[in-house]
Every structure is written in structure tokens, then in C-alpha cells.
Amino acid sequence: MRLLHLSDLHLGKRVFETSLLEEQQAMLDQALVMARQADATIIAGDIYDRPVPPAEAVALFDAFLTRMSAQGSPVLMISGNHDSAERIAFGSRLMGASGVHVSPVFDGDVRCVTLSDLYGAVHIHLLPFIKPAHVRAALGREDIEGYTAAMAAAIERMNIDPADRHVLVAHQFVTGASRSESEEVSVGGLDSVDADVFSPFDYVALGHLHTAQSLCGGRVRYCGSPLCYAFSEAGRPKCALLVELGKKGDLAVTPLFFTPVHAMRRLRGRFDDLIGAREGTQDYVQVILTDEQDVPDAASRLTAVYPNLMQVLYDNARTRAGQAEFEAGASLERSPLELFEELYSAQNGMPMTDAQRTLLKGMMETIWEDEG
């Protein structure tokens with residue numbers, strides 16, 4: 001069984017007010033070609049960039065699904081934290097008849113689509129993005145605290161025969177994975193899920209993080225976003241994953257790389273040097289100027305050479321001093337929980353107790369759940 005693993009399309013996203021629809025159209029065209037190598041395509045959430053996407057993004061995805069259906073390639077997709085689960089699930093029963101299978105809003109049960117090959121059944125479980133509050137409400141269980149417990153409770157409801165092969169499609173942050181700047185970050189990493197809960201599955205197709213990475217010996221994977229959505233990702237290859245499930249226990253994963261219409265590039269140097277360069281002028285560009293004095297009208301002058309310029313920053317003695325002053329006031333490396341513990345200790349002359357730390361963590365988690 002061959003599965004194409006995609007996620008985090010973020011259709012309709014704008015970067016520095018620049019529309020990426022042209023990039024996304026080209027990306028979907030390439031995904032359509034990749035899908036011809038697979039028996040089915042998985043999209044692990046964040047189909048759109050916001051719950052109410054622009055009409056042109058909806059039209060783009062509608063055309064993609066129509067073309068996928070026409071070439072006989074089943075699609076199995078879930079909603080992510082950027083999507084509206086209700087909007088994504090609309091018309092799912094009708095779409096299922098055309099080979100497009102969508103996760104419903106989480107109500108305690110998880111939709112399972114069963115495919116088969118010469119080794120037997122492959123059960124693909126479609127779990128949309130969940131928070132502990134979602135699971136508590138759906139299951140009527142107030143004892144569920146934290147994202148790991150919520151995920152474990154949802155998995156317990158699935159009918160998993162260990163003799164068969166099972167794939168989970170989910171959209172969560174798994175402990176040990178690495179985030180990037182273009183992702184939504186929770187307070188202190190309280191949204192993390194321990195990878196141990198995924199032990200019943202032969203493969204876990206994850207969405208949420210924009211950099212391709214694997215855990216649990218490669219059995220739990222993020223394919224990452226198919227395009228760069230922040231300059232921190234510039235230069236990183238973007239891919240889908242071709243997942244091949246053989247007989248029970250056999251797994252092979254091959255990256256299939258996307259070619260962007262416009263790459264993202266960071267250019268660094270003095271204004272006079274950069275204004276005289278002509279290489280890579282069609283890329284989406286972030287310019288970091290090292291001049292000690294601000295250059296008058298730098299952005300518009302650079303745009304004459306770099307028409308897809310998105311941002312101009314400075315890195316000089318003045319900006320470094322400002323950054324050092326900021327970092328002296330608050331560490332970017334410490335979580336809000338750690339910063340509060342430091343404040344408590346300074347004010348009270350003693351560290352927090354384990355009970356106080358547990359109470360504070362629970363309060364932070366509740367606030368995070370209620371956001372958005």
C-alpha cells in the first residue's frame with residue numbers, strides 16, 4: 001500500500017501581505033503528479049490558513065479535489081488547528097462517494113477508512129485536531145487533563161486489531177519535535193503529546209509542524225509544509241512523503257520534493273553591495289542590511305533590483321544593543337511556566353512546590369485551550 005502524505009497547505013496564506021496563490025497552485029499541480037505514484041493521498045490538516053478562507057483559496061482546493069477524483073486517487077483528509085472543522089466536514093458524505101474522505105467534527109468517534117492490498121486491510125483513522133476540552137465534552141469525562149491524556153482517550157475509542165495494519169492521521173505537536181517561526185506556538189509547549197500513545201499504529205501521518213521530521217524510529221512523521229511560509233525556513237527543501245506499507249511491520253518512506261515558483265532567500269550585507277548584485281532577483285527576498293547608518297528609502301530602492309522583496313531588516317550595533325536589552329528582561333529560551341517560577345522564587349524567597357507547579361500548569365493549559 002502506497003500513501004502520499006501531505007499536510008499544512010495553508011491555502012490562502014499571505015506572507016508580508018503577499019498572496020501566495022500562484023505558488024500554491026503550482027504546488028497542488030505537483031502534488032497531483034505525485035499522487036499518481038500512490039494508492040491514496042493523505043492531507044493531515046491545515047488545508048486553509050484560517051477558519052474562514054478567502055473565496056479564491058476555496059476555489060483552488062475545490063479544483064484540486066475535482067482533479068484528484070477524476071484521476072481515481074482517493075483523498076483522506078482532516079481539519080487542523082487553522083481550519084474550521086465544521087466547514088471542512090461540510091458535504092463529507094457526498095464527497096465520500098467520489099473518493100474524498102473527510103474527518104467529521106470530533107464527537108468521540110473517529111472515522112476509519114479501510115483500504116486493501118495483497119497483504120490485506122489497511123485501516124486509516126482520521127482524527128481532526130483536538131484539544132482536551134473537545135475530548136472532555138465529547139466523552140463526558142472531566143478526568144481528562146492534558147493533550148496526551150486527550151489523545152490516549154481518543155485512541156482508546158478506535159477499533160484497533162493488532163493483527164491488521166493501522167495508520168493514524170492527526171494534527172498535533174508531538175514531544176521532541178522541532179517548531180519553526182511560521183507555526184502557531186502554545187504557551188510553554190503545553191499542547192505537546194507524548195509519542196508513546198501512538199504505539200498501536202504502523203504509521204502516524206502528522207500535520208502541524210512545517211519542517212519534515214520523524215520520531216519513533218521513523219514510524220511517526222511530519223512531512224512539513226509544501227512551501228516555505230517564513231524566512232526561517234529559507235533554503236530548506238520542502239516535500240511530501242511517499243509511504244509504503246508492506247506486510248505487517250514493513251515500512252519504507254521516500255521524500256518527494258516540491259519545486260517552488262519563487263524560492264525564499266535571505267540576503268545579508270551592506271546596501272551598496274546588495275544593490276549592485278543581480279543574482280536571484282525573482283526570489284522572495286528578505287534583506288538584512290549591516291550598514292551602521294539607516295539607508296534612506298532602502299526598501300523602494302532595493303525593490304528595483306529585487307522585485308519580490310518582502311522585508312528589510314538591520315543587523316548593526318544599534319539593533320544588537322536593542323536585542324541585548326530585550327533579552328536581559330526576558331529569556332526567549334524559557335517557557336512562561338519557568339519564567340513564573342523564577343518570579344515566584346524572587347518574590348517569596350523559596351521555590352514553588354510541586355502542587356503549586358501542577359496547579360499553575362493546569363491554569364495555563366486551560367487558558368490555552370480557550371484561545372481562539
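It should be emphasised that the depicted structure is a prediction, and the values quoted were computed from it without experimental measurement. The basis for the numbers below is simple: all heavy atoms, side chains too, and nothing from hydrogens, waters or symmetry mates.
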Distance only, no hydrogens: is a donor on one side chain within 3.5 Å (strictly under) of an acceptor on the other, for [X] and [Y]?
| X | Y | answer |
| --- | --- | --- |
| Asp283 | His262 | no |
| His5 | Tyr222 | no |
| Gln71 | Arg36 | yes |

If you define the side chain from C-beta out and look only at heavy atoms, does anything of [X] sit under 4.5 Å from [Y]?
| X | Y | value |
| --- | --- | --- |
| Leu76 | Leu126 | yes |
| Met68 | Val100 | no |
| Leu215 | Phe198 | no |
| Val312 | Leu289 | yes |
| Arg221 | Val204 | no |
| Val295 | Tyr314 | yes |
| Asp315 | Arg320 | yes |
| Leu302 | Phe271 | yes |

One pair to check against side chain to side chain contact (heavy atoms under 4.5 Å, CB included): Phe64 and Ile43. What are the steps and the verdict? CA-CA 12 Å; Phe64 172 71; Ile43 305 177; 4.2 Å; yes
Under the side-chain contact (heavy atoms from CB on, under 4.5 Å) test against Tyr284, which residue among Arg265, Glu23, Gln311 passes?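 Going through the options one by one, the only one that passes is Glu23.
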Taking atom [atom1] of [X] and atom [atom2] of [Y], what is their separation to the nearest 0.5 Å?
| X | Y | atom1 | atom2 | value |
| --- | --- | --- | --- | --- |
| Asn81 | Phe129 | CG | CZ | 5.0 Å |
| Gln356 | Phe340 | CD | CZ | 9.0 Å |
| Thr41 | Leu3 | OG1 | CG | 8.5 Å |
| Leu127 | His171 | CG | NE2 | 11.5 Å |
| Leu21 | Leu11 | CG | CG | 8.0 Å |
| Ile155 | Leu168 | CD1 | CG | 6.0 Å |

Asp83 and Arg50: CA distance, side-chain angles, deciding distance, salt bridge (Lys or Arg N to Asp or Glu O under 4.0 Å) verdict: CA-CA 6 Å; Asp83 299 312; Arg50 55 182 187 265; over 6 Å; no
Quick check: are there more than 12 heavy atoms from other residues, nucleotides or ligands sitting under 6.0 Å from CG of Asn159?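 Counting other residues, nucleotides and ligands, CG of Asn159 stays at 12 neighbours or fewer.
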Any chance CD of Glu292 has more than 12 other-residue heavy atoms, nucleotides or ligands included, within less than 6.0 Å? yes
Where does the angle between the aromatic ring planes of His82 and His10 fall among parallel (under 30°), tilted (30 to 60°) and perpendicular (over 60°)?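 Aromatic pair His82/His10 classed perpendicular.
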Ring geometry between Phe16 and Phe231 (parallel below 30°, tilted from 30 to 60°, perpendicular above 60°): tilted
Hey, is [X] close enough to [Y] for a salt bridge, meaning N to O under 4.0 Å?
| X | Y | answer |
| --- | --- | --- |
| Asp202 | Lys248 | yes |
| Glu233 | Lys238 | yes |
| Arg14 | Asp49 | no |

Tell me if a side-chain donor or acceptor on [X] pairs with a main-chain N or O of [Y] at a distance below 3.5 Å.
| X | Y | value |
| --- | --- | --- |
| Tyr48 | Leu9 | no |
| Thr303 | Tyr306 | no |
| Arg2 | Asp39 | no |
| Arg219 | Phe201 | yes |
| Gln30 | Thr259 | yes |
| His166 | Asp161 | yes |
| Ser69 | Ser98 | yes |
| Gln37 | Leu242 | no |
| Asp117 | Met1 | yes |
| Thr148 | Asp194 | yes |

Carefully, step by step, assess Arg67 and Asp29 under the rule salt bridge (Lys or Arg N to Asp or Glu O under 4.0 Å). CA-CA 10 Å; Arg67 294 166 69 193; Asp29 289 344; 2.8 Å; yes
How far apart are the C-alpha atoms of Thr290 and Arg268, what are their side-chain angles, what is the distance that settles it, and do they pass the side chain to side chain donor-acceptor pair (under 3.5 Å) test? CA-CA 7 Å; Thr290 57; Arg268 178 186 178 89; over 6 Å; no
When you look at Leu241 and Leu4, which way does the side chain to side chain contact (heavy atoms under 4.5 Å, CB included) test go after all the steps? CA-CA 6 Å; Leu241 299 176; Leu4 183 68; over 6 Å; no
Tell me, with the steps shown, if Thr114 and Ile124 meet side chain to side chain contact (heavy atoms under 4.5 Å, CB included). CA-CA 6 Å; Thr114 299; Ile124 303 176; over 6 Å; no
Do [X] and [Y] sit in the same hydrophobic cluster, where Ile, Leu, Val, Met, Phe, Trp and Tyr count as joined when their side-chain heavy atoms come under 4.5 Å apart?
| X | Y | result |
| --- | --- | --- |
| Phe61 | Met95 | yes |
| Ile42 | Val174 | no |
| Val169 | Val102 | no |
| Leu28 | Leu6 | yes |
| Ile160 | Val193 | yes |

If I compare all heavy atoms of [X] with all of [Y], which pair ends up nearest, and what's the gap?
| X | Y | result |
| --- | --- | --- |
| Val110 | Ala154 | CG2-O, 4.4 Å |
| Ser103 | Ser79 | OG-N, 3.4 Å |
| Phe258 | Pro260 | O-CD, 3.8 Å |
| Leu274 | Leu267 | CD2-CB, 4.2 Å |
| Met264 | Ala234 | O-CB, 3.4 Å |
| Gln282 | Asn308 | O-ND2, 2.8 Å |

After noting the C-alpha distance and the side-chain angles of His208 and Asp46, does the key distance pass the side chain to side chain donor-acceptor pair (under 3.5 Å) rule? CA-CA 7 Å; His208 194 35; Asp46 280 358; 4.7 Å; no
Could you walk me through whether Val75 and Leu65 satisfy the side chain to side chain contact (heavy atoms under 4.5 Å, CB included) test, starting with their C-alpha distance in whole Å, then the side-chain angles of each, then the deciding distance to 0.1 Å, before giving a yes or no? CA-CA 8 Å; Val75 178; Leu65 290 180; 4.2 Å; yes
